Every structure is written in C-alpha cells, then in structure tokens.
Amino acid sequence: MAPIVDIHTHVYPPKYMDLLRSRTTVPYVRNFPDAPDSSRLIILPGEDDPSMPSTSRGRPIGSEYFDIAKKIEFMDQHRIDKSVISLANPWLDFLPAEEAGQKAVEINDDVNEQCSLYPGRLYFFGTLPLSADTATIVAEIERLSTLKYARGVILGTSGLGSGLDDANLDPVYAALQKHNQLIFLHPHYGLPSSVYGPRASEYGHVLPLALGFPLETTIAVTRMLLSGVWDRHTGLNVLLAHSGGTLPFLAGRIESCILHDGHLKAHGKMQKRRDLWDILKTNIYLDAVIYSEVGLNAAVEASGADRLLFGTDHPFFPPLEEDAKEWHSVNANYGAISKAFADSDVKAQGVLGGNAVRILRLED
Ligand code: 5CU
C-alpha cells in the first residue's frame, strides 16, 4: 500500500504569525473589541469592511493554523501518512522589497524546522520573496534546494507584481527548473469584487472561494500560455491548486479561441507554440481538491491519473459542527477518489499518495 500523502495543506508558522499580528492592514490577525477572546484572520481583499460585524470579518483563527502538533493530529485523524505543508496565502507578496528576502529566509527556516520535528511525515513547499529583486529571489530558490525538507515553492498568481506572464520572471522560472523545484500555484486575489454584484456581502465567502479562486488560477495559466512561458521553459513543473481551477474543462475552448484569433495570427504567435493539451500532460500536475467525481474525472482526462495528487486544504474548510470528528471537506475528496477510480485500485493508490512520493521524492 502506498502511503497517503496530502500535498495541499497549509500553515502559518510562528514567524509568519508574528508578522500578521504586527500589522493593521490586510493581511493581519486581530482580536476585535466586541469579541476579545477570538482572533480573526483577515487575508482576502475587502474582508475587513468596517460595516460588517467583527464576527463576519475574515475567519476565526485557532491553533490549527500555526501549531504543527495540530497538523499531525489532523493527519492521524484522517489517516494521512505524510504532508507537504505550505505557507498559506498571501505569502510574502505584500512585503516591502527590502524586507522580503530576510523574511523568506526566516519563514522557510521556520517551516523546515517544523518538518524536522516529525521526520518522514512532513515536507514543505517554500515561499519566495517575490517583491524583492530577481537576484534575491533566485538566491532563495538556490538556498531552498539545500534545505532537507523543501520540495518546491508555493506561488501566487501575481508574480513580481504584474502576473506570471511577465518576462522578468524568466530567471526565476529558469532557477526553479534548474533545481528541479516544483511550483505549487495557488490563488489568492480572486476576481474584482464588482463581478459578485451588489448583494455579495449576503453570500459569505462562497463566490470568491468557489469561483474567484479557480478562475484566477485558470487565467494565470492561460496568460503563461499566451506569453510563451511554456515554450521558453519546457521543463517547468507546476502543480495547480483545486484541480486546475477550471482549466481541464476550458482547455478546449482556450485552444479554439487561440486558433481563431486574427491578432495572434498576424503577430506570428501561433507558430511553434506548444498546445495546452500537451502542457497539461507534460508540465502540469493537478491536486485532487475538487470535492466531486465529476471534477476529478475532468482532471484525469486532461492530465492523467498519474499526475493527480490528493490534498485537503487544511486548516481551511473545517466542519461547522463543533463536535464533528472527521472533516466533510476531506471525506468529500476521499469519496471522489474512490468513486472515480472504482475500477482501478492502482490508480487510486497513486492519487492518494504514490504519485506524490514519486514526483516529490518523499521516500523514507
Ligand atoms: O477560506 C479561505 O479564505 C481560504 C484561503 O484563503 N486560502 C485557501 O487556501 N483556502 C481557503
């Protein structure tokens, strides 16, 4: 039996918590006067609208977000053997350039240290100082490749500030490829809040999380495609959160729009271009955090069962019932895998952990 490996599971390590608690603008952690005993994590744009009661702002944050012993407890409770933990959004994107490099070193060392407390059970995706200059970012990639438990980096979609289709990222992509470090691409910024309409505040976090996040990822990868990132960096490996957003479902439409675009044709951007289906099967890995068999089947069709990896998104999406033992969100992902691979235990074992062990070098 392959081990069960969770590759989509977050932490805010102690050094990052100190940073969030020291801040007063998004992102930050705060106890509000009308609920002094409960800390709130405010990370998404617009979550701290003063017109909302403090108990609706952001989300409650408890020790499951930063205490690594709680991560292990959660893993044991859900039969997870190994986890590849990553700093949760918004990473270091908001830091001034001059602070980012040092903070990345401190936080990556902090997480590497946490992994060392549970040998064989914890690995991590490092975080990059993306607001710093390219040399500082590349230096951290090189340093990460020497840390025992690092297996790649987690990246948001903003890149150096103007997206992942920015040619200035080429040295960063080249360094990641050279050091065989996988990018775990994860959304944070969503879509402009105007698309959710004037009654958005009545709908909790559903629209930004269910739709804004996946569309953000889809747009980021399509911009990489259109700008030629995948042609210039043919060996770049990227793991997409939430089963690729909507990419497996929309890949055909994206390809068709490219083939019918007069502007791209006139500017010679269609010649020698790798197509999205090839990239999905060669460069892209997808997590299995999609909560249904239908989404999982699309991911398998697009990238193949051997490129799909189990995840939980812990500590986000806890059950709302206080006495729940197991998390519905985790069991939904387990259930989708067992239904989608009812006819192949080998494939199911791969998705649950065998693929992660192979791709991320997690052998004991
Ligand atoms: O619930 C949320 O806001 C989130 C988030 O911010 N990041 C994430 O990975 N999952 C859920």
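Both ligands and their constituent atoms are indexed starting at 1 by order of listing. Small disclaimer: the values here were computed from a predicted structure and weren't measured.
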**Q** Checking S131 side chain against L95 main chain: does a donor-acceptor pair fall under 3.5 Å?
**A** yes

**Q** Applying a heavy-atom cut-off of 4.0 Å, say which part of H186 lies close to ligand 1: side chain, backbone, both or neither.
**A** side chain

**Q** Tell me whether H8 has any N or O atom under 3.5 angstrom from an N or O of ligand 1.
**A** no

**Q** Check whether any side-chain N or O of R307 sits under 3.5 Å from a backbone N or O of T282 as a donor-acceptor pair, and report yes or no.
**A** yes

**Q** Report the C-alpha separation of I7 and V5 in whole Å, then their side-chain angles, then the decisive distance to 0.1 Å, and conclude whether the side chain to side chain contact (heavy atoms under 4.5 Å, CB included) test is met.
**A** CA-CA 6 Å; I7 53 74; V5 182; 4.0 Å; yes

**Q** Nearest to atom 3 (O) of ligand 1, what protein heavy atom do you find, and at what distance?
**A** R59 NH2, 2.7 Å

**Q** Counting from 1, what ligand 1 atoms have a heavy atom of I43 closer than 4.0 Å?
**A** 6 (O)

**Q** Is it the side chain (CB and beyond), the backbone, both or neither of H188 that lies under 4.0 Å from ligand 1, heavy atoms counted?
**A** neither

**Q** Quick one: look up the protein heavy atom nearest atom 4 (C) of ligand 1 and list residue, atom name and how far away it is.
**A** F316 CD2, 3.3 Å

**Q** To the nearest 0.5 Å, tell me how far F32 CZ sits from D48 CG.
**A** 7.0 Å

**Q** For the backbone of I80 and the side chain of R121, can you confirm whether one donor and one acceptor N or O come within less than 3.5 Å of each other?
**A** yes

**Q** Using modelled atom types and a 3.5 Å cut-off, is there a donor and acceptor pairing between side-chain atoms of N355 and backbone atoms of A305?
**A** yes

**Q** For the atom pair CG (N112) and CZ (R143), what is the distance rounded to the nearest 0.5 Å?
**A** 8.5 Å

**Q** Could you tell me, atom by atom, which parts of ligand 1 come under 4.0 Å of a heavy atom of H10?
**A** 9 (O)

**Q** Just which atoms of ligand 1 are under 4.0 Å from any heavy atom in D313?
**A** 8 (C), 9 (O), 10 (N)

**Q** Is there a polar contact, in the sense of an N or O pair closer than 3.5 Å, between E47 and ligand 1?
**A** no

**Q** Do E255 side-chain atoms and A251 backbone N/O form a donor-acceptor pair below 3.5 Å?
**A** no

**Q** Which atoms of ligand 1 have any heavy atom of N89 under 4.0 Å away?
**A** 5 (C), 6 (O), 7 (N), 8 (C), 9 (O)

**Q** Out of all atoms in ligand 1, which are within 4.0 Å of some heavy atom of F213? Include the element for each.
**A** 5 (C), 6 (O), 7 (N), 8 (C)

